Amino acid sequence: MISKIFFSVVAISLFLGLALDAATIDEEQAGKVDFSYKNGSNGPSNWGKLKPEFSACSSGKNQSPVNILKNDTVYNKNLTPLSKNYTAFANATLINWGFIIGLHYNGDIGGMEINGKKYAFKQLHWHSPSEHLIDGQRYDAEMHLVHEAEDRSVAVSAILYQYGDTTKDVDPFLAKLNHGLEKLSKEKCEKDQVSQIPVGMLSTKHITRSTRKYYRYVGSFTTPPCTENVIWTVLSKARSISKEQVAALKAPLTADFKDNARPEQELNGRQIELYDELKYKGGLLTKRKEPV
Ligand SMILES: *[C@@H]1O[C@H](CO)[C@@H](O)[C@H](O)[C@H]1NC(C)=O
Ligand SMILES: *[C@@H]1O[C@H](CO)[C@@H](O)[C@H](O)[C@H]1NC(C)=O
Ligand SMILES: *[C@@H]1O[C@H](CO)[C@@H](O)[C@H](O)[C@H]1NC(C)=O
Ligand SMILES: *[C@@H]1O[C@H](CO)[C@@H](O)[C@H](O)[C@H]1NC(C)=O
């Protein structure tokens, strides 16, 4: 069964994982937000002018995505291994938001903790090509896991994907969503509308795999309204994906949104921090004097 809801400012807020207050649905507004990824009057460099609520897209000084220069990152010994407590399986729904493909787990599936603060998992979605760059390199896709704390502050984890060397190098998580993505691409997603495909019980293990190295910085949403103070965790190790899988993620989107990566934003003096499990252990070892 496919349900359609209006794609509106409210839908965008929902997409961002913020609470949906039915009373705020303004059908007059439906479809009036019309940002795009192509250069032009509603392209990324003009997002901030499209609506007053989007002003951070142009005036913000802490925007995302950014280019992570490994040499310019600083190792922060206070960063800890990612602490997560997701449930193992949950019933999930694939969603075509018109500008992006996302996945929502029904109900509370747990979340992550940063600096003692708890962030509940809200939704995940994919961009292709990648939005974050590492040493100027753009990857083939990027998955964003969006989390929100009780005070509504947001933390997003990003996982980069690159095309594998062989046809066997597929992303096992997306492999489970093949059928749903195919169904989604057959749905006509009219402008201003959102389509959904239930995909049933889905493991969360692929989104919770631990990481030995990540980059941490404070940025923003990469889509309007480009809200700031988002804590970003970009995993350093890219995962493999096949060309067919990236094509399947693009298939349900209209031509203007098949490439949905926001251009690189200025760091404006922000420092990107590094968590490195090996360095951390190395740090302990260096306390013992090596025999000369
Ligand atoms: C679009 O704009 C960006 C940044 O202003 C520029 O780097 C890029 O070359 C432009 N692309 C096209 C197709 O004009
Ligand atoms: C990083 O620093 C090293 C040593 O200074 C240099 O050789 C290397 O080219 C730098 N890498 C980048 C990507 O700038
Ligand atoms: C999953 O959710 C769908 C509706 O989105 C429902 O029809 C289905 O019964 C649910 N499955 C399970 C196993 O709870
Ligand atoms: C994860 O931790 C939060 C905060 O302690 C808690 O509310 C939530 O129920 C936990 N979820 C799971 C799946 O354990």
Side-chain angles (χ1 to χ4, degrees), residues 64-88 103 109-121 124-147 154-166 168-176 202-219 222 230-242 245-246 267 270-288 290:
S64 293
V66 295
N67 177 19
I68 298 167
L69 292 173
K70 289 185 191 165
N71 278 1
D72 287 343
T73 60
V74 282
Y75 171 64
N76 179 349
K77 65 175 176 19
N78 296 320
L79 292 179
T80 52
L82 291 182
S83 155
K84 299 164 287 191
N85 74 339
Y86 299 98
T87 47
L103 183 97
I109 67 152
M112 68 192 291
E113 201 175 299
I114 299 175
N115 297 332
K117 188 160 162 176
K118 292 179 169 65
Y119 293 83
F121 176 87
L124 62 86
H125 59 262
W126 295 268
H127 294 264
S128 64
S130 78
E131 300 204 292
H132 285 91
L133 313 177
I134 295 184
D135 284 343
Q137 185 192 344
R138 194 177 290 286
Y139 289 77
D140 298 306
E142 179 169 339
M143 177 166 74
H144 288 162
L145 308 171
V146 182
H147 302 75
V154 173
V156 184
S157 302
I159 297 171
L160 300 164
Y161 289 89
Q162 65 191 358
Y163 291 143
D165 298 328
T166 75
K168 285 192 185 124
D169 288 330
V170 298
D171 174 43
F173 182 53
L174 274 170
K176 293 208 178 344
L202 192 66
S203 164
T204 63
K205 75 173 181 209
H206 301 296
I207 63 170
T208 63
R209 271 207 323 236
S210 63
T211 182
R212 291 194 165 159
K213 208 168 171 184
Y214 64 78
Y215 303 105
R216 169 69 51 76
Y217 78 100
V218 178
T222 61
V230 171
I231 299 181
W232 280 92
T233 304
V234 181
L235 275 50
S236 107
K237 191 170 191 288
R239 294 186 188 171
S240 291
I241 194 167
S242 70
Q245 289 181 312
V246 171
L267 272 174
R270 279 174 291 172
Q271 183 75 68
I272 297 175
E273 296 180 339
L274 168 72
Y275 164 77
D276 185 341
E277 184 186 278
L278 298 175
K279 226 174 212 167
Y280 180 72
K281 285 180 177 162
L284 291 179
L285 285 174
T286 53
K287 283 185 180 148
R288 282 193 263 126
E290 293 281 337

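For clarity, every value in this text was computed on a predicted model and none was experimentally measured.
- Between the side chain of K213 and the backbone N or O of S236, no donor-acceptor pair lies under 3.5 Å.
- Using modelled atom types, no side-chain atom of Q162 and backbone atom of A238 make a donor-acceptor pair closer than 3.5 Å.
- In this structure, K70 and Y215 have side chains that are in contact, with non-hydrogen atoms separated by less than 4.5 Å.
- Contact of the T211 side chain with the K237 side chain is not registered, since no non-hydrogen atoms from C-beta on lie closer than 4.5 Å.
- Counting heavy atoms of neighbouring residues, nucleotides and ligands inside a 6.0 Å radius, atom NZ of K117 exceeds 12 of them.
- Remark: the backbone N or O of V218 is paired with a side-chain donor or acceptor of R270 at under 3.5 angstrom.
- Ring-plane geometry between H206 and F173 is classed as tilted, the angle between the planes lying from 30 to 60 degrees on a 0 to 90 degree scale.
- For the pair W232 and V66, the minimum side-chain heavy-atom distance is 4.5 Å or more.
- Between the side chains of S64 and Y217, at least one donor N or O lies within less than 3.5 Å of an accepting N or O.
- Between the side chain of E142 and the backbone N or O of E131 there is at least one donor-acceptor pair closer than 3.5 Å.
- Within the 4.5 Å cutoff, the side chain of V146 has heavy atoms near those of the H125 side chain.
- Within the 4.5 Å cutoff, no side-chain heavy atoms of N76 are placed close to those of R216.
- Between the R138 side chain and the L133 main chain, no donor and acceptor come within less than 3.5 Å of each other.
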